[in-house]
Amino acid sequence: MAGSMAREGDMTTGHGSYPPAIFLPGSSLCQLAQIEGKPMLTVDAKCAPHGSPSPSAAIIGTIIQGSPTSLVKCDDGVFRKVARIGDALDCGCKIVGGAKTVGAGAGA
């Protein structure tokens, strides 16, 4: 089963004592590839800082997992794996928000 693709505006789970984070506008590495009117997310996209009132102590997670079968050409010309609900970030979060109409690859 395919995993629902992630987009700007979707959320992460949070981890440990760190709260959930959002993928802010501009966080997509492929602004022209949109799903349901929002830019899609790929491996290497970053979530908003989370976990501390002090900006210098906050964590910024980077997506490290994506679809094994679906790649998209990003704005820098690099093909990257499409991110989906359930895919991991390097900070310990997972993606929990995603498209209702589009999925990719094996279920996350």
Side-chain angles (χ1 to χ4, degrees):
M1 179 176 173
S4 294
M5 292 180 177
R7 310 146 306 163
E8 287 182 358
D10 290 334
M11 298 292 295
T12 69
T13 57
H15 53 96
S17 63
Y18 295 92
I22 191 170
F23 290 96
L24 295 171
S27 60
S28 172
L29 300 176
C30 45
Q31 290 291 313
L32 295 178
Q34 297 198 356
I35 300 168
E36 298 171 348
K38 298 177 183 178
M40 69 188 319
L41 297 174
T42 62
V43 166
D44 296 332
K46 298 182 183 307
C47 69
H50 58 289
S52 174
S54 167
S56 63
I59 293 175
I60 299 173
T62 302
I63 299 173
I64 58 171
Q65 184 181 20
S67 170
T69 58
S70 296
L71 301 173
V72 65
K73 187 174 182 180
C74 294
D75 297 344
D76 60 3
V78 174
F79 284 89
R80 290 185 174 88
K81 293 178 179 181
V82 174
R84 306 151 304 153
I85 292 176
D87 285 337
L89 283 73
D90 63 357
C91 64
C93 289
K94 290 189 179 254
I95 299 169
V96 292
K100 294 177 178 46
T101 59
V102 183

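Atoms considered below: every heavy atom in the structure, side chains included; atoms not considered: hydrogens, waters and symmetry mates.
The nearest pair of heavy atoms linking T62 to K46 is OG1-NZ, 2.8 Å. Listed here is the closest heavy atom pair of I63 and A83: CD1-CB, 3.9 Å. Across every non-hydrogen atom of L41 and S27, the tightest pair is CD2-OG, 4.0 Å. A pairwise comparison of heavy atoms in G66 and D87 identifies CA-OD2, 3.3 Å as the closest pair. Minimum interatomic distance between F79 and K73 (heavy atoms only, all atoms of both residues): CE2-CB, 3.5 Å.
Contact of the M40 side chain with the C30 side chain is registered, since non-hydrogen atoms from C-beta on lie closer than 4.5 Å. Between H15 and C93, the closest side-chain pair of non-hydrogen atoms falls below 4.5 Å. Side-chain contact check for S4 versus R84: every heavy-atom pair is 4.5 Å or farther apart. With contacts defined as side-chain heavy-atom distances shorter than 4.5 Å, the pair I95/L89 qualifies.
Here the side chain of T13 pairs a donor or acceptor atom with the backbone of K94 at under 3.5 angstrom. Not a single donor-acceptor pair under 3.5 Å links the side chain of D90 to the backbone N or O of I64. Side chain of Q31 to backbone of P39: no donor-acceptor contact under 3.5 angstrom is found. Checked by atom type and distance alone, the side chain of T12 pairs as donor or acceptor with a backbone atom of A21 at under 3.5 Å.
The same ILVMFWY cluster, assembled from side-chain heavy atoms under 4.5 Å apart, contains both V72 and I35. Linking Ile, Leu, Val, Met, Phe, Trp and Tyr whenever their side-chain heavy atoms come within less than 4.5 Å leaves V96 and I59 in two separate clusters.
In this structure, the separation between OG on S70 and CE on M5 is 5.0 Å, given to the nearest 0.5 Å.
Legend: residues meeting side-chain hydrogen bond (donor to acceptor under 3.5 Å, both in side chains) with K38, ordered by chain and number and at least two apart, are absent. Listed by chain and number, the residues in a side-chain hydrogen bond (donor to acceptor under 3.5 Å, both in side chains) with D44 are R80 (sequence neighbours excluded). In this view, E36 and R7, A99, K100, T101 satisfy the side chain to side chain contact (heavy atoms under 4.5 Å, CB included) rule, not counting sequence neighbours.
A donor and an acceptor atom, one from each side chain of S67 and K81, are nowhere located under 3.5 Å apart.
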